[in-house]
Amino acid sequence: MELKAEILKITAGGKRIAIIAEETASLLGVHSSDRIRIVHGDQQIIAIANIAAHFPQNRIGLYEETAETLKLRDGEAVDVQLAPLPESLKYVRDKVHGKRLREQDLKTIVKDVIERHLSDVEIAAFLTALEIHGLSLGESEALARAMVETGKIIDFGEAPILDKHSIGGIPGDKTSLLVVPIVAAAGFTIPKTSSRAVTSPAGTADRVETLCPVNLSVDEIKTVVRKTNGCLVWGGALDLAPADDLFIQVEYPLGIDPLLLPSIMSKKKAIGATHIAIDIPTGSGAKIKNMTEAHALAADFVDLGTRLGLTIQCALTFGEQPLGYAVGPALEAKEALATLMGDGPADLKEKAVTIAGMLFEMVGIENGKQKAEQILNSGKAEKKLREIIEAQGGNPQIRLKDIQVGAAKAELTINETGRVLWISTEDIAQIAKVAGAPKEKGAGVVLKAKLGDVVKKGDAILEIYAERSSKLEAALELAKRLQPIVLSRKTGQMLLDRVPLT
């Protein structure tokens with residue numbers, strides 16, 4: 001059926017959606033969310049049909065990105081037909097029923113996800129099935145390879161190419177801002193691509209963006225790495241394993257992460273990494289709650305790495321509290337820079353030199369941690385970070401006071417004396433997000449006490465920063481209600497709360 005295109009002056013985040021009238025849908029035999037094939041000249045796409053009650057019968061409404069793909073101008077004619085169901089739906093249904101999928105089945109699913117042939121509902125069904133039934137190691141390998149093959153691959157030349165990744169789960173983990181310059185200062189190549197925050201108060205890209213631009217092209221990244229041996233950039237615009245980014249968009253509202261292994265490994269394979277340190281924070285406040293789970297996950301990472309030709313070593317790290325004291329993009333960047341300059345919290349230094357040391361030992365350097373400490377303490381790592389900042393378009397002379405944090409500030413005080421027994425990392429992250437992080441980069445929280453510290457009645461245990469007073473008030477109110485830091489009293493009282501309250 002021939003219809004005239006009406007280009008809607010809005011985007012749909014890359015989704016291929018077309019709007020047609022009820023009468024038109026009836027003539028085409030199309031129901032809402034069915035697929036339709038749209039042809040314009042030698043260009044064609046498959047789109048998901050949305051049916052509108054009061055839309056003109058002879059027209060088809062297309063979002064801007066769909067019109068651009070078809071090289072279409074407003075009012076031009078297109079041919080529209082009902083499209084057959086994609087083959088991958090059969091394999092999605094198979095996984096819903098708990099069947100193990102073959103390599104070709106998973107390749108077909110990934111290809112249809114990339115080409116936008118599957119709706120969000122169908123992708124959600126696939127991800128939920130993976131969450132329920134799990135992935136075999138063979139399925140994880142097949143997914144990782146398929147995600148790499150459907151995107152770009154960056155070649156930095158001669159190996160080794162080092163990298164590190166944290167599976168996340170604890171707020172304040174700004175380790176990459178130290179590990180990358182330490183490793184690069186030793187003469188090794190470490191091109192670190194990172195994500196923005198999805199559920200946390202800050203991702204590595206959010207932190208680094210307070211120091212320099214992170215949205216670089218592949219050619220710009222190669223230039224930075226050629227000059228400095230390293231980079232700290234956002235990976236979202238690089239088309240590396242793009243299916244993973246589409247899966248994450250659906251995973252986020254569901255609160256699930258069934259593709260943890262293939263997601264991480266596909267990105268590392270695409271960036272050309274050969275030796276990778278995987279940080280697995282472990283503890284009640286982290287994603288991985290105990291050492292048994294951590295060891296099992298680490299074994300899977302190592303096995304999958306072997307299948308993909310990558311050398312993997314996992315660090316099972318302390319995950320019972322935030323890393324360092326600062327939580328929020330600018331606050332964390334400031335703390336990381338202070339640490340490189342010779343100050344900063346001991347736990348951040350320890351974690352950074354441990355992971356950098358692991359990477360050194362993976363490529364044959366003895367006493368890797370000692371070498372990492374020497375590079376950090378000598379000032380070479382600070383100098384290297386400033387080189388990276390300059391190469392990425394930032395100010396290499398940036399000072400701590402130049403990093404802008406929220407002007408609105410409040411304190412949460414404690415009404416008793418005791419020793420810090422427990423810190424809710426989930427509550428700390430939630431308070432920072434209510435304050436405005438990560439979108440408002442100056443927002444966040446600074447802990448004034450950590451596990452084991454003694455605090456006195458009336459002391460501040462938390463500082464909250466925000467860019468707007470309304471968000472500061474909301475975050476402070478939340479902090480008072482949650483009371484994220486619990487003290488052990490001298491009386492030995494063990495009761496934390498009662499449910500239900502009497």
Side-chain angles (χ1 to χ4, degrees), residues 154-167 173-194 204 208 221 224-233 264-265 267-269 271-282 294 298-299 301-302 304-306 308-318 323-324 336-337 339-342 344-389 391:
I154 303 181
D155 183 5
F156 288 100
E158 188 175 352
I161 307 296
L162 278 55
D163 206 346
K164 60 85 59 180
H165 185 88
S166 173
I167 69 165
D173 194 349
K174 68 283 295 179
T175 316
S176 292
L177 274 75
L178 279 74
V179 172
V180 169
I182 290 172
V183 172
F188 293 102
T189 301
I190 180 164
K192 183 76 177 81
T193 62
S194 305
T204 297
V208 178
I221 289 170
V224 171
V225 173
R226 188 164 55 246
K227 287 180 180 178
T228 68
N229 297 330
C231 67
L232 286 154
V233 300
I264 293 170
M265 301 301 272
K267 285 289 201 294
K268 300 308 176 188
K269 186 75 174 174
I271 201 70
T274 59
H275 295 73
I276 306 159
I278 304 290
D279 174 23
I280 306 177
T282 305
F301 267 118
V302 172
L304 183 55
T306 300
L308 295 172
L310 306 174
T311 301
I312 305 291
Q313 191 166 97
C314 296
L316 279 55
T317 58
F318 185 72
L323 184 65
L337 183 57
T339 306
L340 287 165
M341 294 171 69
D347 59 344
L348 175 57
K349 291 180 184 177
E350 173 67 18
K351 186 169 184 176
V353 297
T354 297
I355 291 176
M358 283 173 51
L359 285 167
F360 289 151
E361 292 176 2
M362 289 168 72
V363 292
I365 293 178
E366 295 183 358
N367 301 315
K369 183 179 177 182
Q370 183 178 335
K371 181 175 179 65
E373 288 175 334
Q374 184 274 323
I375 292 172
L376 177 61
N377 295 334
S378 69
K380 292 178 181 177
E382 180 199 348
K383 180 182 177 183
K384 179 58 66 175
L385 179 65
R386 293 185 182 279
E387 290 175 8
I388 293 170
I389 289 171

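A donor-acceptor pair under 3.5 Å links the side-chain atoms of Thr274 to the main chain of Ile161, judged by distance alone.
Nearest heavy atoms, Ala294 versus Ile280: O-CD1, 4.2 Å. Here the closest heavy-atom approach between residue Leu348 and residue Lys174 is recorded as CD2-CD, 3.6 Å. Across all their heavy atoms, Leu316 and Ala298 have their closest contact at CD1-CB, 4.1 Å. The two residues Gly344 and Thr339 make their nearest non-hydrogen contact at CA-OG1, 3.4 Å. When every heavy atom of Ile375 is checked against every heavy atom of Ser378, the shortest pair comes out as O-OG, 3.0 Å. Here the closest non-hydrogen pair linking Ala315 and Ile355 is CB-CG1, 4.5 Å.
Looking at heavy atoms from C-beta onward, Leu232 lies in side-chain contact with Leu385 at the 4.5 angstrom threshold. Counting only heavy atoms from C-beta outward, the side chains of Lys267 and Asp163 never approach each other to under 4.5 Å. Contact of the Asp347 side chain with the Phe318 side chain is not registered, since no non-hydrogen atoms from C-beta on lie closer than 4.5 Å. Between Ile278 and Gln313, the closest side-chain pair of non-hydrogen atoms is not below 4.5 Å. Using a 4.5 Å heavy-atom cutoff, the side chains of Ile388 and Lys384 are in contact. Proximity of Asp279 to His165: side-chain heavy atoms (C-beta onward) are nowhere separated by under 4.5 Å. Taking 4.5 Å as the limit, some side-chain heavy atom of Phe156 sits within range of a side-chain heavy atom of Val225. Taking 4.5 Å as the limit, every side-chain heavy atom of Met358 sits out of range of all side-chain heavy atoms of Cys314.
Going from atom CG of Leu177 over to atom CG of Leu337 covers 9.0 Å, rounded to the nearest 0.5 Å. For the atom pair His275 NE2 and Thr311 OG1, the distance stands at 4.0 Å (nearest 0.5 Å). Between Ile264 atom CD1 and Ile276 atom CD1 the span is 10.0 Å, to the nearest 0.5 Å. Taking CG of Leu376 as the start and CG of Leu178 as the end, the distance is 6.0 Å to the nearest 0.5 Å. The CG atom of Leu359 lies 11.5 Å from the OG1 atom of Thr354; values are rounded to the nearest 0.5 Å.
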Which donor-acceptor pairs under 3.5 Å do side chains of residues 183-192 form with protein atoms, sequence neighbours excluded?
unit_1: Lys192; atom_1: NZ; unit_2: Lys164; atom_2: O; d: 3.4
unit_1: Lys192; atom_1: NZ; unit_2: Ser194; atom_2: OG; d: 3.3

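Evaluation of the salt bridge (Lys or Arg N to Asp or Glu O under 4.0 Å) test over residues 364-380, restricted to residues two or more places apart or in two chains, returns Glu350-Lys369.
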